[in-house]
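Worksheet: one structure, shown below.
When a residue number appears, it is its place in the shown sequence, counting from 1.
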Amino acid sequence: MIARVGSVGAILVGTLALGLVAAAAWALPRPRADRDWAREQATAPEITFDGDTVRVRRLRDFRYTPDGSALAGFRDEAFPLDDVRRVWFALAPFARRYRGLAHSFVTFEFAGGRFVAVSVEARREEDERYSLLGGLLRSFELAYVVGTEEDLLGVRAQRGDTIFLYPSVTTPEQARAIFLDMMVRARDTQERPEFYNTLLNNCNTNLRRHVNRATSAGLPWGWGVVLPGFSDALALERGLLDTPLPLERARERFRVDEHVRQALAGGAADFSLRIRAGEGA
């Protein structure tokens, strides 16, 4: 009889523990796609696949001015996979003295001088500011922003960020695979929202996954991934950047923020080609 009572007690305790775990899980915030988002992140791209063509509705094309104002713009674009030529790696450090904190993203070059940028970001609500701590506490959802270079490079240049734009050694086949992999994930995060995480699910960790899945690069986990500001050093060390220059000289050669500001101010029609040639407007 005593043994039976003990068994019943153990079952009750186990059931209570499971109930508490379930209640805690239910109480945790869940990622959503229908919040009151910040203006530049409110409209997500709609991505569909039509044979060997990726179609992007509402590709972002905001234009920014030095006073911080922005003219919203969107466009519908079709990207044939056969037209993908190259991947460029963009890096924008948050601070000048300490390089560890930064935002990294990529831009894809297509035949005919077309470019499209893809940025993995923390999706903020209206009047919400990004913070490292908030990113650890599930304050932000994950967003894949697909937009023009004038937008994704322009917003950072106009607010005074330092920007590096490095050519990669990816072949057209590899660039194609990375682009397709990112577009699939961009679509999936809209259908199944997930939380951004400052350390584990950020701009750079996602880029690493895409590159490793699409190529044989085998980028290791380490400080160059967790701290995006060192990711150009990691990429150069692994032979992923198309330059023979050492790191500091490569940073000098491929810094483009001033060229971006000049090209935007001059309304350059061939914006992407000019910033790479260092001509500005």
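Between M183 and the options T48, D188, L81, I47, a side-chain contact (heavy atoms from CB on, under 4.5 Å) holds for only I47.
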Pair R276-W88, side chain to side chain contact (heavy atoms under 4.5 Å, CB included): steps then yes or no: CA-CA 11 Å; R276 284 165 174 81; W88 294 74; 3.3 Å; yes
Pair V56-F79, side chain to side chain contact (heavy atoms under 4.5 Å, CB included): steps then yes or no: CA-CA 8 Å; V56 182; F79 299 100; 3.9 Å; yes
Side chain to side chain contact (heavy atoms under 4.5 Å, CB included) assessment of T198 paired with Y196: CA-CA 7 Å; T198 302; Y196 171 95; 4.0 Å; yes
Stepwise side chain to side chain contact (heavy atoms under 4.5 Å, CB included) test for R60 and F74: CA-CA 5 Å; R60 206 178 78 182; F74 297 92; 3.8 Å; yes
Side chain to side chain donor-acceptor pair (under 3.5 Å) between Y166 and D232, worked out: CA-CA 8 Å; Y166 299 104; D232 56 351; 2.7 Å; yes
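No more than 12 heavy-atom neighbours from other residues, nucleotides or ligands sit within 6.0 angstrom of CZ on R249.
One N or O on the side chain of Q174 and one on the backbone of T171 form a donor-acceptor pair closer than 3.5 Å. Panel note: side chain D76, backbone R58; a donor-acceptor pair is recorded below 3.5 Å. Side-chain N or O atoms of S69 include none that pairs as donor or acceptor with a backbone N or O of T65 at under 3.5 Å. Listed for the D36 side chain is no donor-acceptor partner under 3.5 Å among the backbone atoms of E125. For D161 (side chain) and A157 (main-chain N/O), no donor-acceptor pair under 3.5 Å exists by modelled atom type. Formation of a donor-acceptor pair under 3.5 Å by the S139 side chain with backbone atoms of G135 is not found in this model. Judged by distance alone, with hydrogens and angles left aside, the side-chain atoms of E141 form a donor-acceptor pair with the main-chain N or O of R32 at under 3.5 Å. Remark: side-chain polar atoms of T205 are paired, donor with acceptor, to backbone N or O of N202 under 3.5 angstrom.
Of all heavy-atom pairs between Y144 and H210, the closest is OH-NE2, 2.7 Å. Of all heavy-atom pairs between L152 and G147, the closest is CD1-CA, 3.8 Å. For the pair V225 and P220, the tightest heavy-atom approach, listed with the atom from each and the gap, is CG2-O, 3.4 Å. Shown here for G134 and F140, the closest heavy-atom pair between the two residues is C-CE1, 3.6 Å. Summarising the geometry of R156 relative to I163, their closest heavy-atom pair is CB-CD1, 3.8 Å, with the distance given to 0.1 Å. In terms of heavy atoms, P228 sits closest to V226 at CD-O, 3.3 Å.
No side-chain heavy atom of S168 sits under 4.5 Å from any side-chain heavy atom of L240. With contacts defined as side-chain heavy-atom distances shorter than 4.5 Å, the pair R187/R192 does not qualify. Residues S231 and L91 meet the side-chain proximity criterion, which asks for heavy atoms closer than 4.5 Å. For the pair F108/V87, a side-chain contact is recorded, criterion being any heavy-atom separation below 4.5 Å from C-beta on.
Residue F89 holds its CZ atom at 7.5 Å from CG of L241, rounded to the nearest 0.5 Å. Separating the CD atom in E150 from the OG atom in S272 is a distance of 5.5 Å, to the nearest 0.5 Å. Distance check: R86 CZ to I178 CD1 gives 12.5 Å after rounding to the nearest 0.5 Å. If you take CG on L153 and CZ on R261, they are separated by 11.5 Å, rounding to the nearest 0.5 Å.
Side-chain contact, T107 with E149: a donor N or O sits under 3.5 Å from an acceptor N or O. A side-chain N or O of N201 and one of N206 form a donor-acceptor pair less than 3.5 Å apart. Counted by atom type alone, N204 and S104 present one or more donor-acceptor pairs between their side chains at under 3.5 Å. Checked by atom type, the side-chain pair D151/T148 shows no donor-acceptor distance below 3.5 Å.
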Which donor-acceptor pairs under 3.5 Å do the side chains of residues 112-120 make with protein atoms, sequence neighbours left out?
from	atom 1	to	atom 2	distance (Å)
R114	NH1	A78	O	3.2
R114	NH2	E77	OE1	2.9
R114	NH2	A78	O	3.2
S119	OG	H103	NE2	2.7
S119	OG	E121	OE2	2.7

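For the pair R274 and F271, the cation-pi test (distance below 6.0 Å, angle within 45°) is failed. Within the cation-pi definition used here (under 6.0 Å to the ring centroid, within 45° of the axis), R123 qualifies as a partner of W37.
For F230, the ring-ring contact (aromatic ring centres under 6.0 Å, His included) criterion is met by no residue, not counting sequence neighbours.
The distance between the ring centers of F110 and F179 falls below 6.0 angstrom.
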